[in-house]
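Sequence lines set the chain letters: A, B, ... in the order given, protein chains first and strands last, and positions in each chain run from 1.
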Amino acid sequence: MAAWHLALKDLRLLLRDRIALFWVLGFPVLFALFIGAVVRAGLSGDTVPLPVILVDECKTDTSRRIASEIARHRRLRLSSADAFEARDAVRRAEAIAYLRLPAGLGTTPGIHAELGFDPAREIESAFLEQLFVQALARASGRKPAVVPDEFEIRKTQIAARESGRAFDIVFPSVVSWGLIGCAACFAVSLVSERTRGTYVRLRALPLPRRVVLAGKALSSLLANLAVASILTVVAVLFFGVQVSNPLKLGVALTATALCFVGITMALSVLGRTEQAVAGAGWATLLVMAMLGGGMVPLSLLPEWLLDLSHLSPVKWGILALEGASWRDFSASELAVPCAVLLGVGAVSFVVGAFVFERTET
Amino acid sequence: MMFCPTPVLSPERPTPLLSARELSKSYGGTLAVSNVSLEVLPGQALGLLGPNGAGKSTTLLLLAGVLKPDTGTIRLQDELDPTRSSVRRALGYVPQSVALYSDLTARENLTLFGKLCGLSGEHLRERVAAALALGQLSDRADARVRTFSGGMQRRLNLAAATVHAPRVLLLDEPTVGVDPQSRAHLFSCIETLKQSGIGIVYSTHYLEEAERLCDTISIIDRGEVLATGSRDELVTAFGGRIPTAKDKSGGRKARRANLESVFLNLTGRSLRDG
């Protein structure tokens, strides 16, 4: 009976803490609806068409029929380019693959179609391979199940290095998750300063408020950089990840780490207690990770969610780290995601600091 | 003798270390502090005595520069801008809660607060040692604060505000939840600090603490200072006679007034439930 009374007490307390109630009941429902929308879009094919490039070097009736067969598929958004442009677009993650139909295809032995794909989109590339094989078969007048030998497709990973190791692809996501953990932890530490009273003590010292907040931001940045560096060293030493340009990787890691400092500041004002900030912080970061492609491939998102994904710093963090590691971004290409990360970080920090100041005592 | 909310300076009195004139602060539509004026003299303690929610902590936060007053001025060491770092170094603030880093040692806490106040090198080490000695914590200097008893944490809480040798110390109910031994030690620390010339503002709702430690007492309620004076001055002016229960013959007797009667006469007998 005593256990029953204790349980009722806990439930009553939960019902009276509206913020906690939201994170216990409201947020899981919203998250379930979100996952449901993603899964339904994936199953019904109601996702954004995959951007694919056709490189027609053959210029024959057969190649035009192949193009026509592929263009008919509603899950593809087909465009045309030359081989160099197509390869570059896939490298920059603007297209997920290209299909190159070289001159002499179907007539000259040893000439094969080439499927160049983004190594980060391996799953979609398998789907595309099947689709292209069927298109080639239909265009040559065969049954889709029967693929003529001359229309065999060669697959090529478009990356700075041909190794295409799995951990190279996963490494940016791993770093993002490390920084997400840091952000959640430091957001709680910031609100702890308030609940323990140490923040008021610090404010009573001969220090401007900006110095106190700068101290918290600096500790958060150093922790972020330490986590990112440790994960990079582990990736290089134990998983064979190659860092071809340490300077670019350093820039991408620093931009991502700075962005998460700002996010930490913004998360710290989502609640008045450690529990509230921990719950709200993790929930927000999970949504960011999901929208940013850190949990499910972006190609599975319906169009309206894909638009929202541009707001997720996780997406830009992953792109910057991929660009600096295996996508071989140029300096100007790397500048775009890094600028977005710094912008998101700065805005988040300013908004968080403003709200923190308004609610500091 | 001062019974008015606004203290009057006489020419022979020493220059106040800290003075506030007509401070007001409201949160939303609620007036937390209204026209509070006070001054702190060297080597003297001013008690802010009031019931829960009277505005004592808000007044201290205004004096400490943590909150900005809506109206009024604060003069610290004759400077009109107490937000300046050089001026704020003259101030030490002891929060109501134990505001320490529990996973740092006592020495690490004191060193941190000393560094943040601009101390360094040998001077910092000396000041940390002095603060540890003040709190009688020298033998536990390198133990983590989370292993301390409540009384030890309270002593360190006070010591942390003295590490940079402030001229004025603001104490917000520093004895909440401590045992009689630690309380006696805290009193002795505060008396030592007074003797060294430090001016003290001591917020409390314990009458005996105000009587024992404070040279001047301001009775504060609903954000307003109702009266200011020494214990004897307040008792004379506001104590009256306290009626007791009827005696055997059915007559009433009255006992002598004390600070409690002053407090109840000024702030009323109704419960403060919020």
What's the separation between atom OG1 in T198(A) and atom OH in Y101(B), rounded to the nearest 0.5 Å?
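With rounding to 0.5 Å, OG1 (T198(A)) is 4.0 Å from OH (Y101(B)).
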Locate the shortest heavy-atom distance separating [X] from [Y]; write the atom from each residue and the value.
X	Y	value
G65(B)	R203(A)	O-NH2, 4.2 Å
L61(B)	V200(A)	CD2-CG1, 3.6 Å
S97(B)	G197(A)	OG-CA, 3.8 Å

Got a donor-acceptor contact below 3.5 angstrom from the R201(A) side chain to the N157(B) backbone?
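Looks like yes, one N/O pair under 3.5 Å.
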Other residues, nucleotides and ligands only: do more than 12 of their heavy atoms fall within 6.0 Å of CZ on R196(A)?
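Check passes, neighbour count above 12.
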Answer yes or no: are there more than 12 heavy-atom neighbours, outside R144(B) itself, under 6.0 Å from its atom CZ?
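Incorrect, the count does not exceed 12.
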Measuring heavy-atom distances to chain A, does L112(B) have an atom under 4.5 Å in its side chain, in its backbone, in both, or in neither?
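L112(B) has no heavy atom closer than 4.5 Å to chain A.
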